Amino acid sequence: MSATGDVTGSAALATRERRNIDSEPAEGTQVMTYREALRLALREEMSRDEHVFVMGEEVGVFDGAYKVTAGLMEEFGEDRVRDTPIAEEGFVGAGVGAAMLGERPVVEIMTINFLLVAMDQVINHAAKIGAMFGGEVRCPLVIRTPNGAGNQLTAQHSQSFDGWFAGTPGLKVVAPATPADAKGLLKAAIRDDDPVLVIENLPIYKQRGEVPLDPDFVVPIGRAQVLREGSDVTLVSHSYATVRALAVAEQLASEHGVSAEVVDLRSLRPLDVETVAASVAKTNRAVCVEEGWPSYGVTAELATRIQHACFDDLDAPVERVGMAEVPLPYAKNLELAAMPNNDRIAGAVLATLGLAPKDR
Amino acid sequence: MPVATASRKARAADDDGAHVAGLTPEVRRELYETMVLSRVFETEAERQYKAARIGGYCHLSSGQEATTVGVVHAMQSDDLLVTGYRSHGFALARGTSPEAVMAELFGREDGCAHGRGGSMHILDVTRGYYGGWGIVAGQLPVATGLALALVRQGKPQAVVCELGDGAVNMGAWHESLNLAALWRLPIVFLVVNNEYGMGTAVARASAEPELWKRASAYRMHGERVDGDDLDAVYEATDRLLRAAREDRRPAVLEAMTYRYRGHSVADAGLAYRTKDEIAKRRQRDPIVHVAEQLRGEGVSDEELAAIDARADERIAASVEFANASVEPSVARLAAGMHAGGSAEQFARMRPGSAFGEQALTFDAGLGA
């Protein structure tokens, strides 16, 4: 279990960080990491509303396993930044109860793998409250947690359950891919009156980007964003898969003259099918990418939505790319072989365009 | 289950003749050698991690050797062991070769999990070690189930289930203790209390910081032992394992110890404790303590130095072995995932991606 500090990072991210530092940030924004953007959102919301409080393992004295909450205990005190025992079912459930009385708990789960221990509280309690009690009581709970694989964390610590949660009525699920969206979606989640799962991602924590400083800046839940315009094919993705999709789109443009549009979902539930369908109607081809296992996953949902909304527009079957369907192995070469990567995404795009063999 | 109980009694009678209370000087010297081996292994693992030959999470047990080695020595060869993720030392104490453990950390085919598990998931089924597990307290119900199987199968041995002080606040702890007591399962829950669950001191996480006392909620025997005292750890574990084997009496044993390194290699271990505290604890280093005992029993400094040198050599050889071992084959990415015959079941599941089930080759296992 558990990390201390980041063991993540790649040459590609480092390059992007340098590039972003070099450029002048737009007015009213500041360049910061995804991690800092989340921290800023927490700080702003805690300052705005005294009902907002943070709890989780190592969030206080230790500054957070991935340092998202660094300095917050010092600033807001131990009452509002609560270190918990290792007891996910207990403190997620306590978040549910506190939220029912109007508190705005932001519960940190060290990684999404440990949320499984609290699954009953999330699925069978938090998600049920609004409907099961006929709207008599609400549960404005936020759970934030990183998902994803990499860095040889092995089978029990290398997973993405986005689809499981996004398939649960009663929950809202967001998964920001950029620092600005990290801030805006976390703030929207905290202000929302329903339980919202904010899925973060380990490799993105270090990524830098421009973040609006306006304390009233929020990103609406349920709205996707076209991050890159294109005309030949639509890449649909969320979270770290969006970082990959953007890199692949650049690579396809320079190496193959392919113009790829990238739609970043930002929210998984509610899902912005409209934006996805409008893009696919324009490009006539779709490749859906996720970090997790594709079978019964987010890309499975996307594929069926796209074929339904764009049946007459499609020039090729909807393609998807995700994790090899195995518990992730430890050995570096096996891990790399199992994870989605830029080459595999590019291969799927080229196959969809008839530029590469279909059977990979 | 009268049959099981009868065989347990019979087994106990057989064993009594061979049982020697306390550690003889010869045995203490052997155990000392294992403690040194474990310390050198962990030191080398940290070095290899920093040289990027080991990845993922890597949790070291330096400082906890008296607990690890004392407990494992009290186990019979057919007793079963389950641990959390701070697991290297347990494998070495159980007799798994440093080569197999180091190769696992290197992610190589000759590792004890064939490179699939890494640091947190060391195992050695031939020595009854059913795994290091990575989710806090997740191993407790599993270990309870092993004990249940032993009873159902009429087997006379017991299970040692290791956990950290952080695990006792999980629901799985309470549920497992209740089951073990309710069904009278042959299991000893070994709580390795090294004072911090990750960066959280025990008293900041546990309303009853004397963790052994929690056993009483299930009318189970609980006790605390100085985990840095090899003799005391052995004596207590031996006694509790006997009760488990012979009378199916489960127990909680809380071993008080300290980890010198951070929670994992990535943690400097200084954000939540002081250098002074660590230095103070190092003054009662269990390895130094046992060395003093051995000197008192007539072991010379030269002999002690020879033990150190042998450990250095063995660990150096394990690194060499791990380096030389091959990477696992990518073609066998799904090896072991499903039992034999499964390929046919998956044959009609069309690939939904580059890695649909059809693209994976299943084989039932990786053993030689």
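Note on naming: letters A, B, ... go to the chains in the order of the sequence lines (proteins, then strands), and numbering restarts at 1 for each one. Predicted model, so just to flag it, every value in this text is computed and none were measured.
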Quiz prompt | Residues A:E57 and B:T200: side-chain donor-acceptor under 3.5 angstrom | solution = no
Quiz item: For B:E327 and A:K332, what are the C-alpha separation, side-chain angles and deciding distance, and is it a side-chain contact (heavy atoms from CB on, under 4.5 Å)?
Solution: CA-CA 9 Å; B:E327 288 185 334; A:K332 192 70 199 168; 5.7 Å; no
Quiz item: Non-hydrogen atoms of chain A under 4.5 Å away: do they reach the side chain of B:S206, the backbone, both or neither?
Solution: neither
Nearest non-hydrogen partners of [X] and [Y], listed with the distance:
X: B:G55; Y: A:Q152; value: CA-OE1, 3.4 Å
X: B:G56; Y: A:L153; value: CA-CD2, 3.6 Å
X: B:G134; Y: A:Q156; value: N-OE1, 2.6 Å
X: A:T154; Y: B:G117; value: CG2-O, 3.2 Å

Quiz item: Should the heavy atoms of other residues, nucleotides or ligands under 6.0 Å from CD of B:E277 be counted, would the total exceed 12?
Solution: yes
Quiz item: Would the number of heavy atoms belonging to other residues, nucleotides or ligands and lying under 6.0 Å from CD of A:E78 be above 12?
Solution: no
Self-check item: Partner chain A: residue of B:G166, B:P328, B:A271 with the largest heavy-atom pair count (under 4.5 Å)
Solution: B:P328
Spacing of [X] atom [atom1] and [Y] atom [atom2] [to the nearest 0.5 Å]:
X: A:L328; Y: B:R116; atom1: CG; atom2: CZ; answer: 12.0 Å
X: B:Y272; Y: A:E58; atom1: OH; atom2: CD; answer: 8.0 Å
X: B:S329; Y: A:L334; atom1: OG; atom2: CG; answer: 8.0 Å

Any heavy-atom pair between the side chains of [Y] and [X] that's under 4.5 Å?
X: B:I135; Y: A:V117; answer: yes
X: A:E88; Y: B:M170; answer: yes
X: B:M120; Y: A:H157; answer: yes
X: B:D267; Y: A:F62; answer: yes
X: A:Y330; Y: B:I54; answer: yes
X: B:R204; Y: A:V61; answer: yes
X: B:N169; Y: A:I86; answer: no

Self-check item: All ring pair (Phe, Tyr, Trp, His ring centres under 6.0 Å) counterparts of B:H121, not counting sequence neighbours
Solution: none
